[in-house]
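Beneath this line is the structure, given in structure tokens, with notes to follow.
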Amino acid sequence: MRELVADLVRDALADAVRAGDVALAEVPEPRIERPRDPAHGDWATNIALASAKSAGMNPRQLADLLAARVADHPDVAAVEVAGPGFINLRLSASALQRVLTEVRAAGGTFGSLDIGAGERVQVEFVSANPVGPMHVGHGRWAALGDSMARILSHAGYSVQREFYINDQGVQMDVFAKSVAARYLELAGVEGVEFPEEGYRGAYIIEIAREILADEGDGWASAEPAEREHHFKEKAYAQVLEHLKNVLSGMGVEFDVWFSERTLHASGPDGGATPIERAFERLEDAGHLYEHEGALWFRSTTFGDDKDRVLRKADGSYTYFAADIAYHADKYDRGFDRVIDIWGADHHGYVKRMEAAVAALGHEGKITLVIGQLVNLFRGGEVVRMSKRTGEMVTFEDLLDEVGADAARYFFLRRSTDQPLDFDIALAKEQSSENPVYYVQYAHARICAILRKAAGADTADTDVDIAATARDLVRTEAPLYLLDSDPELTLMRKLAEWPEVVEISARQLAPHKLTRYAEDLAQTFHQFYTQCRVVDPDAPDLTAARLYAVDATRIALATVLGLIGVSAPERM
RNA sequence: GCCCUCGUAGCUCAGUGGAUAGAGCGUCUGCCUCCGGAGCAGGAAGUCACAGGUUCGAAUCCUGUCGAGGGCACCA
């Protein structure tokens with residue numbers, strides 16, 4: 001739609017130049033915007049304001065001239081010049097009606113774009129340590145990352161979802177020691193000392209109990225190191241499986257689960273590890289130096305506050321070293337762009353990561369999205385959590401309580417850089433206060449109309465909606481009958497969808513989808529109260545309105561699909 | 001102390017340098033003989049934290065002040 005209007009305006013200006021009405025060396029690219037106030041029309045352009053100076057004309061005069069040239073186009077219902085020289089355009093009913101045909105032809109691909117042009121993008125998100133359950137913040141990042149991936153795919157990018165598993169390092173050792181201590185307790189060993197910094201959550205005891213049940217108490221008399229090594233692998237596998245299940249239960253599937261361990265391991269040829277190879281690359285480019293026995297990366301070259309250690313004086317690598325090797329690997333795998341979603345507690349890490357990516361020769365090819373944290377409420381009361389005792393509401397608890405649809409919807413409703421207050425009671429409420437039901441209800445209502453039109457009971461559970469729509473909605477429906485305000489408003493709203501996809505893809509802003517979903521649902525509800533769809537006395541109008549209603553159904557389902565929320569046929 | 005993010009209606013928040021700053025909730029007033037009332041219509045509600053600056057034009061960009069949250073390891 002925007003392109004159509006842009007062409008119109010561009011042509012008008014070019015024609016005016018050719019006709020000698022306007023003296024302009026070159027025709028600037030017009031900016032086409034949606035006026036904030038719908039009373040100003042469907043589209044507005046400031047082109048007259050932008051080019052008046054170089055044309056040596058008064059902006060209003062130029063605007064009048066251009067307005068006269070677009071007024072006759074069949075897609076334009078009205079054009080007016082306003083304020084200092086804005087040109088406001090209103091689309092004709094026939095132009096809007098065409099949108100319905102486009103929606104029905106596109107189906108689930110409605111609003112898909114090619115702005116990505118097949119560019120390869122990787123979205124890495126969640127990446128929770130495999131040492132325990134996910135917290136609700138992970139849930140938010142899961143919803144964000146998955147929805148971003150869906151949006152980017154819809155916008156024409158080639159997207160891969162990845163989970164980075166921190167399965168090497170201190171926290172894994174602590175984890176293993178914690179499980180071992182619980183195991184010994186359960187096995188009846190006296191005087192077991194629980195590690196100072198150990199994980200105290202009840203799930204550790206559960207894991208220990210399962211090992212005891214599976215393998216007996218023989219490990220109690222084993223060498224501690226051997227025992228811990230065995231428990232680490234056993235418990236790690238269990239937790240990882242659990243993470244996959246929870247995420248999968250929310251509809252989030254990763255293409256790649258990337259193990260940190262592979263970065264520390266030699267290749268099959270026994271050569272350098274990925275970390276060592278990354279060091280070599282940085283070394284060759286002159287970004288490394290030794291100081292006080294440690295190996296440093298001169299990240300200040302790329303705007304970091306201070307240089308960073310990669311290999312400690314004791315010879316071990318920092319977490320950052322592995323992360324550099326990891327990102328080098330991402331680009332080696334051919335991604336044009338890498339998006340990492342991190343929690344707000346990692347934002348101090350952003351500059352050094354950007355510096356590292358730049359030092360590897362991929363400057364600007366990483367986008368670090370910082371997801372703000374989630375505060376849990378229940379009916380307005382803060383839900384307290386204690387890290388010390390390990391007592392917390394996990395992401396899994398939340399999913400069990402409010403369901404995947406409500407959880408995903410609420411997680412996406414706020415912009416990413418805004419801390420989120422999540423009220424469990426509200427998310428569970430099935431009322432008008434709850435936006436996810438408002439949107440889903442619009443979809444269910446449409447399905448009821450289709451069932452009604454097919455002569456079935458409106459709540460009949462056996463009706464196949466897609467098949468019904470296919471049989472019922474005539475492709476040659478007289479859409480020209482759709483010219484009342486509620487109908488035009490509905491079509492206008494549908495026409496906005498491709499722009500919403502574009503903006504949310506460019507800004508990595510899934511929250512714009514929830515907003516649009518609510519707008520579209522509202523517009524539909526307004527249409528519904530004012531326009532009777534199924535009317536045996538008016539078969540042509542019924543056919544046209546069924547067409548519009550079905551297009552709305554398709555659009556709603558598409559939007560909800562990118563959000564990752566189901567589009568129920570009845571509720 | 002330094003760095004990052006944020007400050008918009010009673011509450012929770014949208015807002016792409018553009019026109020009279022919007023939505024949901026809450027509040028007040030109405031609407032079911034009729035396709036699903038989990039709905040619709042209408043009203044009240046604002047010093048866009050504050051002060052400068054850039055611009056034809058600033059909630060939006062820049063600087064400073066105040067306030068809130070987060071981060072500042074040879075931890076991960």
Side-chain angles (χ1 to χ4, degrees), chain A residues 31 33-37 39-40 44 46 49 52-53 59 82-86 88 129 131 166 168-172 174 197 260 291-296 304-306 308-323 343-351 370 372-373 375 377 380 413-421 423 426 429-442 444-453 458-459 486 499 503 506-507 509 511-512 514-515 518-519 521-522 524-535 542 545-546 549 570-571:
Chain A
R31 280 198 46 189
E33 293 174 331
R34 289 208 175 258
R36 211 150 35 186
D37 185 347
H40 291 132
N46 66 346
L49 289 162
K53 200 174 277 180
F86 291 106
N88 295 334
N129 290 339
V131 296
N166 298 129
Q168 169 124 6
V170 180
Q171 88 282 358
M172 286 297 285
V174 172
E197 297 298 319
E260 180 185 349
H291 177 65
E292 292 181 353
L295 182 66
W296 294 71
D304 196 6
D305 303 327
K306 51 194 279 194
R308 307 291 173 176
V309 171
L310 300 185
R311 190 179 59 224
K312 303 178 223 171
D314 68 6
S316 64
Y317 299 125
T318 60
Y319 177 84
F320 184 44
D323 231 359
D345 52 342
H346 279 64
H347 88 248
Y349 201 75
V350 169
K351 274 188 188 170
I370 298 303
Q372 292 293 323
L373 304 171
N375 304 307
F377 291 80
R413 214 163 164 249
R414 296 283 173 256
S415 69
T416 312
D417 52 14
Q418 197 73 241
L420 177 71
D421 289 341
D423 195 313
L426 177 59
E429 193 160 339
Q430 306 198 359
S431 78
S432 60
E433 286 181 49
N434 193 339
V436 62
Y437 286 102
Y438 181 82
V439 176
Q440 290 182 318
Y441 179 63
R445 203 176 212 186
I446 289 172
C447 294
I449 295 171
L450 291 172
R451 286 190 288 267
K452 169 86 177 178
T458 52
E499 298 154 46
I503 291 174
R506 289 198 194 286
Q507 301 182 3
H511 76 275
K512 292 183 188 285
T514 62
R515 202 165 187 83
E518 287 163 49
D519 275 358
Q522 181 179 45
F524 172 74
H525 287 310
Q526 288 164 347
F527 159 84
Y528 173 87
T529 41
Q530 292 174 78
C531 301
R532 168 116 201 146
V533 177
V534 181
D535 182 355
T542 297
R545 285 181 171 167
L546 277 175
V549 160
R570 61 191 65 77
M571 297 168 70

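The sequence lines fix the lettering, A, B, ..., with proteins before strands; numbering per chain opens at 1.
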Discussion item. Under 4.0 Å, counting only non-hydrogen atoms across every strand here, what does A:Asp305 touch: a base, just sugar-phosphate, or nothing?
Written reply: nothing
Practice prompt. Compare the minimum distances between each of B:C74, B:A19, B:A23 and the side chain of A:Ala313, then state the nucleotide with the smallest one.
Written response: B:C74
Worksheet item: Looking at side-chain heavy atoms only, is the closest gap between A:Ile449 and A:Leu546 below 4.5 Å?
Response: yes
Discussion item. What's A:Arg570 touching, base or sugar-phosphate or nothing? Going by heavy atoms closer than 4.0 Å.
Written reply: base
Worksheet item: When the C1' atoms of B:C62 and B:A58 are considered, how many whole Å apart are they?
Response: 11 Å
Worksheet entry | N-glycosidic conformation, B:C50 - syn within 90 degrees of 0, else anti | anti
Fill in: Aromatic stack A:Tyr441/B:G36: centroid gap under 5.5 Å, interplanar angle under 30°
no
Fill in: Opposite nucleotide pairing with B:C72, Watson-Crick or G-U, both atom distances under 3.5 Å
B:G1
Worksheet entry | d(CG, A:Asp345; P, B:G69) in whole Å | 16 Å
Discussion item. Among B:G18, B:C74, B:C35, which nucleotide has an atom closest to any side-chain atom of A:Val534?
Written reply: B:C35
Fill in: C1' gap between B:G52 and B:C66, integer Å
15 Å
Discussion item. For A:Lys512 and A:Lys306, find the nucleotide of RNA chain B closest to each by heavy atoms; which residue's nucleotide sits nearer the 5' end?
Written reply: A:Lys512
Discussion item. So A:Asn46 and A:Glu33, do their side chains get closer than 4.5 Å, heavy atoms only?
Written reply: no
Worksheet item: B:A41 phosphate, OP1 or OP2: any side-chain N/O from A:Gln526 under 4.0 angstrom?
Response: yes
Fill in: Minimum side-chain heavy-atom gap A:Ser415-A:His511 below 4.5 Å
yes
Fill in: Between P of B:G26 and CG of A:Asn434, the distance in whole Å
12 Å
Worksheet item: Does B:A73 have OP1 or OP2 sitting under 4.0 Å from an N or O in the side chain of A:Tyr349?
Response: no
Discussion item. Can you check the distance between B:G64 and B:C3, where both ends of the measurement are the P atom (answer in whole Å)?
Written reply: 9 Å
Fill in: Nucleotide nearest A:Lys351 when distance is taken to its side chain, options B:C3, B:C74, B:C40
B:C3
Discussion item. Please report the distance separating the C1' of B:C74 from the corresponding atom of B:G17, rounded so that it comes out in whole Å.
Written reply: 47 Å
Worksheet item: Base, sugar-phosphate, or nothing for A:Asp304, non-hydrogen atoms under 4.0 angstrom?
Response: nothing
Discussion item. Measuring only between side-chain heavy atoms, which start at C-beta, is A:Val549 closer than 4.5 Å to A:Phe524?
Written reply: yes
Item to complete: Check whether any side-chain nitrogen or oxygen of A:Ser415 sits under 4.0 Å from OP1 or OP2 of B:A14, and answer yes or no.
Response: yes
Worksheet item: Do side-chain atoms of A:Asn434 reach the backbone of A:Leu426 as a donor and acceptor pair under 3.5 angstrom?
Response: yes
Practice prompt. Nearest whole angstrom, please: distance from the P of B:A19 to the CZ of A:Phe86.
Written response: 7 Å
Worksheet item: What nucleotide among B:C13, B:U5, B:G24 has an atom nearest to a side-chain atom of A:Arg413?
Response: B:G24
Item to complete: Would you mind telling me which of B:A76, B:G36, B:G18 lies closest to the side-chain atoms of A:Arg451?
Response: B:G36
Fill in: Closest-nucleotide 5' rank along RNA chain B - winner of A:Arg445 and A:Asn129
A:Arg445
Fill in: N/O donor-acceptor pair, side chain A:Asp519 with base B:A14, under 3.5 angstrom
no
Worksheet entry | Nearest-nucleotide pick for A:Tyr438, side chain only, options being B:U5, B:C40, B:A14 | B:C40
Practice prompt. Look at the side-chain N and O atoms of A:His346 and state whether any lies under 4.0 Å from the OP1 or OP2 oxygen of B:C4.
Written response: no
Discussion item. Could you identify the nucleotide paired to B:U33, looking across every strand shown and requiring Watson-Crick or G-U wobble geometry with both distances under 3.5 Å?
Written reply: none
Fill in: Strand partner of B:U47, provided both Watson-Crick or wobble distances fall under 3.5 Å
none
Discussion item. Classify A:Glu292 by what it touches in the nucleic acid, base, sugar-phosphate, or nothing, heavy-atom distance under 4.0 Å.
Written reply: base
Worksheet item: Could you state the CD-P distance from A:Gln418 to B:A14, rounded to the nearest angstrom?
Response: 4 Å
Worksheet item: Quick one: A:Phe320 CZ to B:C72 C1', roughly how many Å, whole number?
Response: 15 Å
Discussion item. Rounded to whole Å, please give me the gap between CG in A:Leu420 and P in B:G70.
Written reply: 16 Å
Worksheet item: Is B:U12 paired to anything, Watson-Crick or G-U wobble with both distances less than 3.5 Å, and if yes, which nucleotide?
Response: B:A23
Worksheet item: When you compare B:A49 with B:G7, how far apart are their P atoms, in angstrom units rounded to a whole number?
Response: 7 Å
Discussion item. If you count every heavy atom of other residues, nucleotides or ligands that lies below 6.0 Å from A:Glu197 atom CD, does the total exceed 12?
Written reply: no
Response to the item:
Separation of B:G57 atom P from A:Glu33 atom CD, nearest Å, is 17 Å
Worksheet item: Say you pick atom C1' in B:C48 and the same atom in B:A14; how far apart are they, in whole Å?
Response: 13 Å
Worksheet item: Quick one: which of B:G18, B:C3, B:A76 gets closest to the side chain of A:His347?
Response: B:C3
Worksheet item: What's the closest nucleotide to the A:Ala44 side chain, out of B:A38, B:A76, B:A19?
Response: B:A19
Worksheet entry | P gap between B:G22 and B:U65, integer Å | 33 Å
Item to complete: Counting heavy atoms from C-beta on, name the nucleotide in B:C13, B:G36, B:U5 closest to the side chain of A:Ala444.
Response: B:G36
Discussion item. Just so I know, are the side chains of A:Tyr317 and A:Leu310 near enough to count as touching, which here means a heavy-atom distance under 4.5 Å?
Written reply: no
Worksheet item: When the P atoms of B:U54 and B:U20 are considered, how many whole Å apart are they?
Response: 23 Å
Discussion item. If you only use heavy atoms from C-beta on, which nucleotide in B:G39, B:U16, B:A76 is closest to the side chain of A:Thr318?
Written reply: B:A76
Discussion item. Using side-chain heavy atoms (C-beta onward) and a distance below 4.5 Å, is A:Arg451 in contact with A:Arg570?
Written reply: yes
Response to the item:
Under a 3.5 Å limit on both distances, the Watson-Crick or wobble mate of B:G57 is none
Practice prompt. Give a yes/no on whether any side-chain N or O of A:Lys312 is located under 4.0 angstrom from OP1 or OP2 of B:A76.
Written response: yes
Worksheet item: Could A:Glu518 and A:Arg413 be called an ion pair, given the rule that one side-chain N must be under 4.0 Å from one carboxylate O?
Response: yes
Worksheet item: For A:Gln522 and B:G39, is the shortest distance between a side-chain N/O and OP1 or OP2 below 4.0 Å?
Response: no
Worksheet item: Applying a 3.5 Å limit to both distances, which nucleotide forms a Watson-Crick or G-U wobble pair with B:C6?
Response: B:G67
